[in-house]
Amino acid sequence: MAQQRGIIPLIGTLNGINFYYLNGKPIARKAGGGFTRKAIQTKSSMQHVRENATEFGHCSVVNKAFRSVLGLFYKGYKFTHFHSRLMGLFTRLKVLDTV
């Protein structure tokens, strides 16, 4: 990855190069790579990715139901990162389920 030098650091994509900040420093790199939605849906090598996404979705549904039930008790209070902490809890609980 190349660091940006200049008066005005860029953010976004320009001519196939991504400009962004990483740890407070402006970075530039070639755009593209990774995998596509179609590849995830169709390739047999992505079966594990599809399974993980399904399990994560189930944990998210449980998380929403749990927060909606508890909502009456913590109304008016602010909990930092409550959703993400519960997601971590439910994904750890999912690992304990053997079925």
Side-chain angles (χ1 to χ4, degrees):
M1 290 180 283
Q3 291 188 2
Q4 296 182 44
R5 299 181 86 180
I7 298 171
I8 303 171
L10 302 173
I11 297 175
T13 303
L14 181 66
N15 292 334
I17 299 175
N18 288 337
F19 299 95
Y20 60 97
Y21 279 91
L22 179 65
N23 298 328
K25 296 180 181 179
I27 303 290
R29 70 187 293 180
K30 182 180 175 185
F35 44 85
T36 63
R37 178 180 181 180
K38 185 175 180 177
I40 292 173
Q41 291 175 345
T42 58
K43 281 189 170 181
S44 62
S45 63
M46 296 285 186
Q47 178 63 31
H48 192 63
V49 173
R50 289 191 293 270
E51 291 169 0
N52 286 342
T54 302
E55 290 176 355
F56 190 80
H58 291 170
C59 290
S60 183
V61 169
V62 172
N63 186 356
K64 181 177 180 181
F66 192 78
R67 285 184 297 116
S68 66
V69 169
L70 288 181
L72 299 173
F73 297 108
Y74 69 84
K75 190 173 186 176
Y77 294 98
K78 183 177 180 180
F79 294 108
T80 307
H81 308 295
F82 189 50
H83 171 78
S84 59
R85 290 180 181 183
L86 282 178
M87 277 303 290
L89 172 69
F90 289 127
T91 51
R92 287 189 305 274
L93 288 173
K94 170 192 63 79
V95 172
L96 300 176
D97 186 12
T98 59
V99 178

Under the ring-ring contact (aromatic ring centres under 6.0 Å, His included) test, which residues partner F56, sequence neighbours left out? none
Who clusters with I7? Use side-chain heavy atoms, under 4.5 angstrom, across I, L, V, M, F, W and Y, and order the result by chain and number. I8
For residues 88-99, tabulate all N or O donor-acceptor pairs below 3.5 Å that involve a side-chain atom, not counting sequence neighbours.
unit_1: T91; atom_1: OG1; unit_2: M87; atom_2: O; d: 2.9
unit_1: T91; atom_1: OG1; unit_2: G88; atom_2: O; d: 2.9
unit_1: R92; atom_1: NH1; unit_2: G88; atom_2: O; d: 3.2
unit_1: K94; atom_1: NZ; unit_2: E55; atom_2: OE1; d: 3.2
unit_1: D97; atom_1: OD1; unit_2: V99; atom_2: N; d: 3.3

For Y74 versus R67, what's the shortest heavy-atom pair and its separation? OH-O, 3.6 Å
Which other residues end up in the same hydrophobic cluster as Y21, if Ile, Leu, Val, Met, Phe, Trp and Tyr are linked when side-chain heavy atoms come under 4.5 Å apart? I11
Applying the 4.5 Å side-chain criterion to the ILVMFWY set and letting contacts propagate, would Y77 and L86 be lumped into a single cluster? yes
In this structure, would F73 and F79 fall into the same cluster of hydrophobic residues linked by side-chain contacts under 4.5 Å? yes
Side-chain atoms of residues 30-43: list all donor-acceptor pairs with protein atoms under 3.5 Å, sequence neighbours left out, distances to 0.1 Å.
unit_1: T36; atom_1: OG1; unit_2: A39; atom_2: N; d: 3.2
unit_1: T42; atom_1: OG1; unit_2: K38; atom_2: O; d: 2.7

Using 0.5 Å steps for rounding, measure from the CG atom of N52 to the CD atom of Q47. 10.0 Å
Under 4.5 Å side-chain heavy-atom separation, chaining through any Ile, Leu, Val, Met, Phe, Trp or Tyr, what else clusters with I17? Say none if it is isolated. L10, L14, F19
